[in-house]
Amino acid sequence: MPITIDACVAQHQGDRREQQDRAAIMPHPKGGGVTLAVVADGMGGHAGGVIAARQVIHTARNNLEGFSARTESARVLLESSINEAHMLIKTSRFINEKDPHSTVVMLLLQPGKASWAHCGDSRIYHFRGENLVFRSTDHSYVGQLVVQGRITSEQALVHPNRNILLTSLGGVEAPKIAFGEADGLQAGDTFLLCSDGLWAYFSDQELGWVINGSTSAREASELLIGRARALGSGDGDNISIAILKLLEAPLA
């Protein structure tokens, strides 16, 4: 059965002074069913985070334009985009006298296959219907405590050190990158990429319920942002979302 994509990018500044996140969904300029989604959560004080996140999107777009799905691997595209953005962000520190950093999550969709990579605590979720198939593990202090079984996911949400990252783009050390893939994609599969300004307010199950119960990626984005804003109680972070829902394509 042919598959089509219902996709949406949505952002909200929250209660911060500026929007330092950047997000994009970019079809390959030559088509072929290849699409790249990116969410970058910039950090580094006034303007610094914007510089970093913008560089992530710019680098990913440039690399996608030169990507050949027939001769190159998805992992090479994702890894090179993250590492190149990291080096360019480090260089911009000397040019702009800022301290820019960014987390990143990227998803490359090809016919029947998805590949992703992330660094930091921006997340990717893969749902089939309302059921969670995969969720990335944060490169953060509390994320490692959860992996080690020392605290629960619920305790991580309120841990006093929940904002400490173990890696990011723009740091002294090379970024730590985690990769993943999924084959056999089908109608009913959904991918959610988001910054911590969104996922901090939801359980995995709640996210699956909202996305599966929505009529479109846009409606799901609006509902999630609205709920996160309400729960933020006047102290909400920047929010960035990219949702890609796989649907059965109508017959010609």
Side-chain angles (χ1 to χ4, degrees), residues 1-10 23-40 57 60-61 63-82 104-119 122-138 177-195 198-199 202-221 223-224 240-252:
M1 179 67 67
I3 299 295
T4 188
I5 301 175
D6 171 28
C8 179
V9 171
I25 296 177
M26 302 170 278
H28 195 288
K30 295 183 179 180
V34 178
T35 299
L36 180 65
V38 185
V39 169
I57 301 296
R61 191 185 304 277
N63 285 355
L64 177 65
E65 291 177 355
F67 173 70
S68 172
R70 289 183 295 179
T71 60
E72 299 175 65
S73 73
R75 175 163 176 158
V76 169
L77 170 66
L78 299 172
E79 186 171 25
S80 62
S81 295
I82 292 175
V104 63
V105 56
M106 296 185 179
L107 167 71
L108 184 72
L109 280 180
Q110 301 178 74
K113 178 182 178 180
S115 306
W116 57 82
H118 88 281
C119 172
S122 289
R123 290 184 179 179
I124 180 169
Y125 296 78
H126 176 196
F127 295 98
R128 179 155 290 166
E130 65 179 28
N131 299 313
L132 180 69
V133 178
F134 172 84
R135 191 202 82 191
S136 56
T137 300
D138 302 333
I177 309 172
F179 300 93
E181 287 190 340
D183 294 313
L185 301 183
Q186 61 190 48
D189 283 355
T190 298
F191 292 93
L192 165 67
L193 288 70
C194 62
S195 60
L198 181 82
W199 62 250
F202 299 93
S203 68
D204 299 346
Q205 187 176 53
E206 289 170 336
L207 289 171
W209 286 340
V210 172
I211 291 172
N212 185 63
S214 300
T215 59
S216 66
R218 178 172 180 172
E219 181 184 69
S221 299
L223 291 171
L224 289 172
S240 289
I241 303 174
I243 295 178
L244 301 95
K245 295 170 68 76
L246 306 189
L247 310 173
E248 289 186 6
L251 297 177

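What you see below is based on every heavy atom in this structure, not just the backbone, and it leaves out hydrogens, waters and symmetry mates. Residue numbers count from 1 along this sequence.
Listed here is the closest heavy atom pair of Val210 and Ala220: CG1-O, 4.2 Å. Here the shortest heavy-atom pairing between Ala24 and Arg61 reads CB-NH2, 4.3 Å. Minimum heavy-atom separation, Leu185 to Lys113: CD1-C, 3.6 Å. In plain terms, the two heavy atoms of Leu78 and Met106 that are nearest each other are CD2-CB, 3.7 Å. Closest approach of Ser136 to Ser122, counting heavy atoms only: OG-O, 4.3 Å. The minimum heavy-atom distance linking Ala23 with Val39 is given by the pair CB-CG2, 4.0 Å.
Side-chain contact between Ile3 and Leu247 is absent, with no heavy-atom pair separated by less than 4.5 Å. Between His118 and Arg123 there is no side-chain heavy-atom pair separated by less than 4.5 Å. The closest side-chain heavy-atom distance from Asp189 to Val133 is not below 4.5 Å. Within the 4.5 Å cutoff, the side chain of Glu72 has no heavy atoms near those of the Leu77 side chain. Side-chain contact between Thr190 and Tyr125 is absent, with no heavy atoms from C-beta onward closer than 4.5 Å. Residues Val104 and Ile177 form no side-chain contact, since every pair of their non-hydrogen atoms from C-beta on lies 4.5 Å or further apart. Side-chain contact between Trp199 and Leu192 is absent, with no heavy-atom pair separated by less than 4.5 Å.
Without hydrogens or angle criteria, His28 side chain to Leu64 main chain gives a donor-acceptor distance under 3.5 Å. Of the possible donor and acceptor atoms, one in the side chain of Glu219 sits under 3.5 Å from a partner among the backbone N and O of Thr215. No donor-acceptor pair closer than 3.5 Å links the side chain of Asn63 to the backbone N or O of Ala60. The main-chain N or O of Ile211 is found under 3.5 Å from a side-chain atom of Lys245 such that the two form a donor-acceptor pair. For Thr35 (side chain) and Leu109 (main-chain N/O), no donor-acceptor pair under 3.5 Å exists by modelled atom type. No donor-acceptor pair closer than 3.5 Å links the side chain of Ser240 to the backbone N or O of Ser195.
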Side chain to side chain contact (heavy atoms under 4.5 Å, CB included) between Leu246 and Ile5, intermediate numbers included: CA-CA 5 Å; Leu246 306 189; Ile5 301 175; 3.8 Å; yes

Phe202/Leu224 under side chain to side chain contact (heavy atoms under 4.5 Å, CB included): CA gap, chis, key distance, verdict: CA-CA 9 Å; Phe202 299 93; Leu224 289 172; 3.9 Å; yes

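The CD atom of Glu181 lies 9.0 Å from the CZ atom of Arg75; values are rounded to the nearest 0.5 Å. Note that the CG atom of Leu108 and the CZ atom of Phe67 stand 5.5 Å from one another [nearest 0.5 Å]. Taken to the nearest 0.5 Å, the CG atom of Leu107 stands 7.5 Å off from the CG atom of Leu36. Residue Asp204 holds its CG atom at 5.0 Å from CG of Leu132, rounded to the nearest 0.5 Å. One distance of note links CG of Leu244 with CD1 of Ile25; it measures 4.0 Å at 0.5 Å rounding. Here SG of Cys119 is found 11.5 Å from CG of Asp138. Values are rounded to the nearest 0.5 Å.
For Arg218, the CZ atom is loosely surrounded, since the number of other residues' heavy atoms within 6.0 Å does not exceed 12.
Ring geometry, Phe191 versus His126: the interplanar angle falls under 30°, so the pair is classed parallel (tilted spans 30 to 60°).
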